[in-house]
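Being a predicted model, the structure only gives us computed values, none of them experimental. Here is the naming used below: chain letters follow the sequence lines, and residue numbers restart at 1 for every chain.
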Protein chains: 2
Amino acid sequence: MMNITLKQLRYFEALTRHGHFGRAADTCAISQPALSVQIKELEETLGIVLFERSARHVRLTGFGQEFAERARVILRSVDELGDLARVAQDRMVGRLRIGVIPTVAPYLLPTLIQHLNAKHEGLDVHIRETLTQRLITELLDGRLDTAIVALPVSEPGLTETALFEEKFVLVRQAEDADAPVPSPEGMREMKLLLLEEGHCFRDQALSFCSLRPVLPRDGLDGSSLSTLVQMVGAGIGVTIIPEMAVPVETRSAPVSLARFPGEEPGRTIGMVWRKTSPLAPHLQNIAEVVRDAAEALADRHKDILPA
Amino acid sequence: MMNITLKQLRYFEALTRHGHFGRAADTCAISQPALSVQIKELEETLGIVLFERSARHVRLTGFGQEFAERARVILRSVDELGDLARVAQDRMVGRLRIGVIPTVAPYLLPTLIQHLNAKHEGLDVHIRETLTQRLITELLDGRLDTAIVALPVSEPGLTETALFEEKFVLVRQAEDADAPVPSPEGMREMKLLLLEEGHCFRDQALSFCSLRPVLPRDGLDGSSLSTLVQMVGAGIGVTIIPEMAVPVETRSAPVSLARFPGEEPGRTIGMVWRKTSPLAPHLQNIAEVVRDAAEALADRHKDILPA
DNA sequence: GGCAACGATAAGAAAAACCTATGATGAATA
DNA sequence: TATTCATCATAGGTTTTTCTTATCGTTGCC
């Protein structure tokens, strides 16, 4: 009788995530038949069927679910075994999987990647850009090593460290450049454009205006900051964006910028990782590199919108 | 760059246990070069040396030790994955690794194996006979599924279940058959033959006589009950043996047997396994089979030394 | 009924693992 | 000091495993 192999568990795990042989095979970088065969072999070794194949769906059996949970733990432990080794040879080399939220990624990453390559030659940086919630899931699953998100996250299994503060600024039509900046309460009277549900920045903006979460209003929710700014330029309303996005997003639309007077709204961007990660000591160093990159970026653009 | 495989971890683990490429290779049922190559490949994958090879010894490096701990956990989890599957298809089949202490094994096993084969066809029973302490270690390491030992064991990670009680009986020269049976205190005046250090039965016998553990007295400690009885037959002293050993051990030596009057000394034999073992539900059944076997055995010999 | 999507199967090719034979090294021994 | 022995590493060729491409069979859908 055959033996269970890690390869089989990796393929199995991919299949549980995709529920689709073809796509799972793709992410494993093998052909669909290869995956089919390995899954079958795994099932034969175990003497139990793991997946229920219907013509339309591939679903885990009851036993498969229990199996999947344990398999995931094992795979993560094995990955951590590799991480452990990387830490032990005390320079940081090899793969580093970073997740970044969409309202930070496009602005920070170019600089960050440059800095990372400079400081840690031989580091193979993988980037994943998606919403906070998904990043946290993948982090806990061991599919990411760390994530850059807005703090606080308050997830028991994770350590967080602050990277930098960023203020929010008001974006209006170019003509309104000299109009007085509304107070937070005043914002409620205006047509405020927001990101779609799920973006943390949506909630942060709403909270500044002391607005309760509202249902999506068709056509008024943008899928990116870029979209929002274009809509403002077209005279549809006003919006708020984090200052880091300013240099990139306001270049190509007829909009004016303004800081809020008094207590400026803002958020803390930070890095999180699993408390148990053997990479922990190195992630502190990586966090330092991110801070440097953010600072360099802010410095470079400090004259676009002076404090 | 290569990937870590379970095979490599298994080989690695064997090598940590043996500290010797040749012997480790043997237990893995492969040639020594095959093992050498896999270990080297593992080290290259990790980018770290795991073993320090001197001409005489193979020892783990500092990192190797940490690595080994985690590897063992992983291997056990994988084995349990297999066990889980076996339990799920609700008949018990496949490998079952049972450890048995030396003062029980030779008498119980023949009957037990017979019963196991009858009740669980297709069960591949592996037996390991050694001292309690070692059995417990191997059990916690996941190298055994269960062990039959004297209770209590009182190990936090283990569950215990009683199997049967057995009394101890006095073995004297054949001529002394009609002499009065000494009291426990009386035993102290006699030349009491004991098993070597490490056997739990040695301690049980000493405790009955209210003797403090004594240092080995050259030439008077036997390595098996068989040896002790032969020594008694040769007139060197007296001894105590568990009643289960009576039919086998007293057949070939000129000795007489006697029960102790009043509160008879004895011990509880039981089965233990890891609390987390997925085999747990089945092990309860196995325990039942062991009880049956012990009862059948006692029944068969009940006239040799009536209660 | 025919098409499209999907997983299973088959045959041959590529990659990985293994075995036998042999080399290299260092400790024990003569 | 030379020799032997034990032990791990390396090399070449073979076997085993895994993978790819091609193809089939099924099922849902228009």
Side-chain angles (χ1 to χ4, degrees), chain A residues 1-61 63-64 67-68 71 75 78 81-82, chain B residues 1-61 63-65 67-68 71 75 78 82:
Chain A
M1 176 61 71
M2 270 295 302
N3 249 322
I4 299 178
T5 68
L6 278 183
K7 232 180 231 182
Q8 288 171 348
L9 293 186
R10 290 229 149 84
Y11 295 171
F12 166 80
E13 197 270 343
L15 185 52
T16 60
R17 274 193 292 125
H18 289 97
H20 187 289
F21 279 73
R23 280 189 282 282
D26 278 350
T27 65
C28 297
I30 57 167
S31 66
Q32 170 264 312
L35 188 122
S36 275
V37 168
Q38 287 303 322
I39 296 293
K40 206 181 97 163
E41 223 147 69
L42 178 58
E43 290 180 327
E44 273 168 8
T45 304
L46 297 172
I48 285 209
V49 177
L50 293 168
F51 292 97
E52 175 191 323
R53 286 96 155 154
S54 80
R56 193 85 353 220
H57 294 290
V58 175
R59 262 196 242 85
L60 278 172
T61 60
F63 171 74
F67 189 87
L75 290 174
V78 173
L81 223 44
Chain B
M1 177 62 71
M2 270 296 301
N3 250 323
I4 298 177
T5 68
L6 278 183
K7 230 179 230 181
Q8 287 171 347
L9 293 187
R10 290 228 150 83
Y11 295 171
F12 166 80
E13 197 270 344
L15 185 52
T16 62
R17 275 193 292 121
H18 289 96
H20 187 288
F21 279 74
R23 280 190 280 282
D26 278 350
T27 64
C28 297
I30 57 166
S31 69
Q32 169 264 312
L35 187 124
S36 275
V37 168
Q38 288 303 322
I39 296 294
K40 205 181 94 159
E41 225 148 67
L42 178 58
E43 290 180 327
E44 274 168 9
T45 305
L46 297 171
I48 284 212
V49 177
L50 293 168
F51 292 97
E52 173 192 322
R53 287 95 154 156
S54 76
R56 193 87 351 220
H57 294 291
V58 175
R59 263 195 241 89
L60 279 171
T61 60
F63 170 74
Q65 291 177 16
F67 189 89
L75 290 174
V78 172

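- Nearest to the side chain of B/Tyr11, among C/dT9, C/dC18, D/dC19, sits C/dC18.
- When each of D/dT21, D/dT7, C/dT9 is scored by its nearest atom to the side-chain atoms of B/His20, the top-ranked nucleotide is D/dT7.
- Set against D/dT20, D/dT10, D/dA9, the side chain of B/Gln32 has D/dA9 as its closest nucleotide.
- We find that CD of B/Glu52 is positioned 14 Å from C1' of D/dC8, with the value rounded to whole Å.
- As rounded to whole Å, 13 Å separates atom P of C/dC18 from atom CZ of B/Arg10.
- Electrostatic pairing of A/Glu43 and A/Arg53 counts as a salt bridge here, judged by a charged N lying under 4.0 Å from a carboxylate O.
- Minimum atom distance to the side chain of A/Met2 is reached by D/dT18, of the listed C/dA8, D/dT18, D/dA9.
- For B/Phe21, the listed nucleotide lying nearest its side chain is D/dC8; candidates were D/dC8, C/dC18, C/dA17.
- Here the nucleotide nearest the side chain of B/Lys7, chosen from C/dG7, C/dA17, D/dA9, is C/dA17.
- For the pair A/Ser36 and C/dG7, the criterion of a side-chain N or O lying under 4.0 Å from OP1 or OP2 is not met.
- Nearest-nucleotide positions on DNA chain C place B/Gln38 closer to the 5' end than the other of B/Gln38 and B/Pro33.
- The distance from the CG atom of A/Leu50 to the OG1 atom of A/Thr16 is 10.0 Å, given to the nearest 0.5 Å.
- Residue contacts shown for B/Ala34 are limited to sugar-phosphate atoms, with no base heavy atom under 4.0 Å away.
- The closest side-chain heavy-atom distance from A/Thr5 to B/Thr5 is not below 4.5 Å.
- Between B/Lys40 and D/dC8 there is no side-chain polar atom (N or O) within less than 4.0 angstrom of OP1 or OP2.
- D/dT21 atom P lies 15 Å from atom CG of A/Leu35, rounded to whole Å.
- Picking from D/dT18, C/dC18, D/dT10 the nucleotide with the shortest atom distance to the side chain of B/Ile30 gives C/dC18.
- In the set C/dT20, C/dA8, D/dA9, the nucleotide with an atom closest to the side chain of B/Arg53 is D/dA9.
- Residue A/Glu41 is in sugar-phosphate contact alone, with no base atom involved, counting any heavy-atom pair closer than 4.0 Å across all strands shown.
- D/dT18 atom P lies 14 Å from atom CG of B/Asn3, rounded to whole Å.
- Taking atom CD1 of A/Ile39 as the reference point, atom P of C/dC6 lies 17 Å away to the nearest angstrom.
- The distance from atom NE2 of B/His18 to atom CG of B/Asp26, rounded to the nearest 0.5 Å, is 8.5 Å.
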So A/Phe12 and A/Gln38, side-chain contact (heavy atoms from CB on, under 4.5 Å) or not? Walk me through it.
CA-CA 8 Å; A/Phe12 166 80; A/Gln38 287 303 322; over 6 Å; no
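- Rounded to whole Å, atom P of D/dC8 lies 8 Å from atom CG of B/Leu15.
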